[in-house]
Amino acid sequence: MSESMINPIAERFGIKISRKKKIRGGIYRIVTSKGKTFSLKRMPKRVGRLKWIDRILLRIQRNGSLVAWRNPNTPEGRKPYATSRKGEHYVLTPWISGRKPSPRSLSDMRRCGVALARFHKAGHAGIKGKIAYSRIGSWYSALRHREGYIKHKIVKARRNAFSLSNSRFIKQHGSEILRYSNRAKALLQGSGYYQYRRNPRKFGILCHGDGGPSNFIINSKGTYLIDFETVHVDLRAYDLYRVIYNSCKDYKWNFSIASAILDGYRQVSKLHKNDFKLLRALLRFPYTTYLVLSPFKRLPFTKRRLQWALESERKIGPFLKKLDEYAAKNCS
Ligand SMILES: Nc1ncnc2c1ncn2[C@@H]1O[C@H](COP(=O)(O)OP(=O)(O)O)[C@@H](O)[C@H]1O
Ligand SMILES: [Mg+2]
């Protein structure tokens, strides 16, 4: 979104910008002429999906869960979205002042767990009866697809298609990485997943889709969720997986972080043994290595990153042992 484009978009929401700050491409923090602060964000989604997300978030808000979404009773919150001349859709949401939770603080992590469980609870009514935008059925194929991608890179490394050090690293450790992905598939098959995927109506819940420290904000009112681009229907283990992955990956897979998140979640809703089985399968997949191998910009394809990813994958085995102990101790 170019700087000059955002003024006309803001006008479509009935506001005048007095100050703006670019957060990243497609997201601005803006202050209106009346002194209110908002986030203006491009949402690369079809209109039907945007309307669905909007409807469900308004309902969640009414149920008392804290989400950074429009307030339809304010002039700026009347429209669910505005469309630019290029046909791109934007949403305007109140800017929540506060701080990002830190994985170093177990009480912050516990709050994230509580907020996620409240979101799940509040979202339940919104998806009853009709299951739209569900990804419940796609877990196995997603793992297979990512595994296929890793295999493809291993074949290329054998042909020395990358830099010498990257090719050598992948050739040396490829079989270990594939062992982890095979293990993830086996865990998924033994998790009861196929029973759940046959019953989306019964087991589907509204998932945020990308929970983690950068998508929660804590202030004196409580813990807010932000960033709803990835909202979809799924099994709740998926959201727990995202929050745990995003919170633990940069902290050496310290289990106490996950334990605080799970404790917080369980303060609001019960977790069952099967939730843990599903969670285990997703966590075992060598996702960090997959991200380094993929064109994902934030993790460059370098030997240092590959090494870091492999060290991360190696910590997941002991982490999952602790997860099993936690499940045995804390749920039915
Ligand atoms: N409504 C908001 N209130 C407070 N901070 C926000 C808001 N929207 C975005 N941010 C800040 O901008 C960052 C990026 O916005 P986000 O919507 O999460 O985009 P991305 O898709 O890049 O994750 C967030 O991590 C947060 O720090
Ligand atoms: Mg985000």
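One-based numbering, in listed order, for ligands and for the atoms of each. For reference, positions follow the sequence shown, starting with 1.
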Margin query: Would you say Tyr326 and Asp263 are linked by a side-chain donor-acceptor pair, where the criterion is simply a distance under 3.5 Å?
Written below: yes
Checklist line | Whether Tyr133 and Trp52 hold their rings parallel, tilted or perpendicular, with breakpoints at 30° and 60° | finding: tilted
Checklist line | Enclosure of Arg85 CZ (heavy-atom neighbours >12, cutoff 6.0 Å) | finding: no
Checklist line | Sub-3.5 Å N/O-N/O distance, Ile96 and ligand 1 | finding: yes
Check: With a cut-off of 4.0 Å, which atoms of ligand 1 are near a heavy atom of Asn215?
Finding: 18 (O)
Checklist line | Proximal candidate to atom 17 (O) of ligand 1 [heavy atom criterion; set Arg42, Lys41, Met43] | finding: Lys41
Check: Looking at atom 23 (O) of ligand 1, what's its closest protein heavy atom, distance included?
Finding: Asp227 OD2, 2.8 Å
Item checked: Residue part near ligand 1, for Pro94, under 4.0 Å between non-hydrogen atoms -> backbone
Checklist line | Polar contact flag, side-chain donor to acceptor under 3.5 angstrom, Tyr238-His232 | finding: no
Margin query: Distance under 4.0 Å to a non-hydrogen atom of Glu229: what atoms of ligand 1 satisfy this?
Written below: 21 (O)
Check: Is it true that some N/O/S atom of Asp227, main chain or side chain, lies under 2.8 Å from the Mg ion (ligand 2)?
Finding: yes
Notebook entry, point to check: Got the closest protein heavy atom to atom 12 (O) of ligand 1, with its distance?
Noted result: Ile23 CG2, 3.5 Å
Item checked: Ligand-side contact atoms (ligand 1) for residue partner Ile217, heavy atom cut-off under 4.0 Å -> 3 (N), 4 (C), 5 (N)
Check: Any side-chain donor paired with an acceptor under 3.5 Å for Lys171 and Asn160?
Finding: yes
Check: Got the closest protein heavy atom to atom 26 (C) of ligand 1, with its distance?
Finding: Ile226 CD1, 3.7 Å
Checklist line | Taking atom 10 (N) of ligand 1 as the reference point, the nearest protein heavy atom with its distance | finding: Trp95 CH2, 3.4 Å
Checklist line | Candidate with minimal heavy-atom separation from atom 21 (O) of ligand 1, of Arg99, Lys100, Arg24 | finding: Arg24
Notebook entry, point to check: Can you tell me if Asn215 and His208 form a side-chain donor-acceptor pair at under 3.5 Å?
Noted result: no
Check: Any N/O/S atom, backbone or side chain, of Asn215 lying under 2.8 Å from the Mg ion (ligand 2)?
Finding: yes
Note to self: To the closest 0.5 Å, what do you measure between CE (Met43) and OG1 (Thr83)?
What the structure shows: 12.5 Å
Checklist line | CZ/Arg183: more than 12 non-hydrogen atoms of other groups inside 6.0 Å | finding: no
Checklist line | atom 27 (O) of ligand 1 - nearest protein heavy atom and its distance | finding: Ser214 O, 4.6 Å
Check: At what distance is the nearest protein heavy atom to atom 14 (C) of ligand 1, and which residue and atom is it?
Finding: Ile27 CD1, 3.9 Å
Note to self: Just checking Tyr290 against Tyr149, ring centres under 6.0 Å apart?
What the structure shows: yes
Notebook entry, point to check: For the rings on Phe13 and Tyr90, is their centre-to-centre separation under 6.0 Å?
Noted result: no
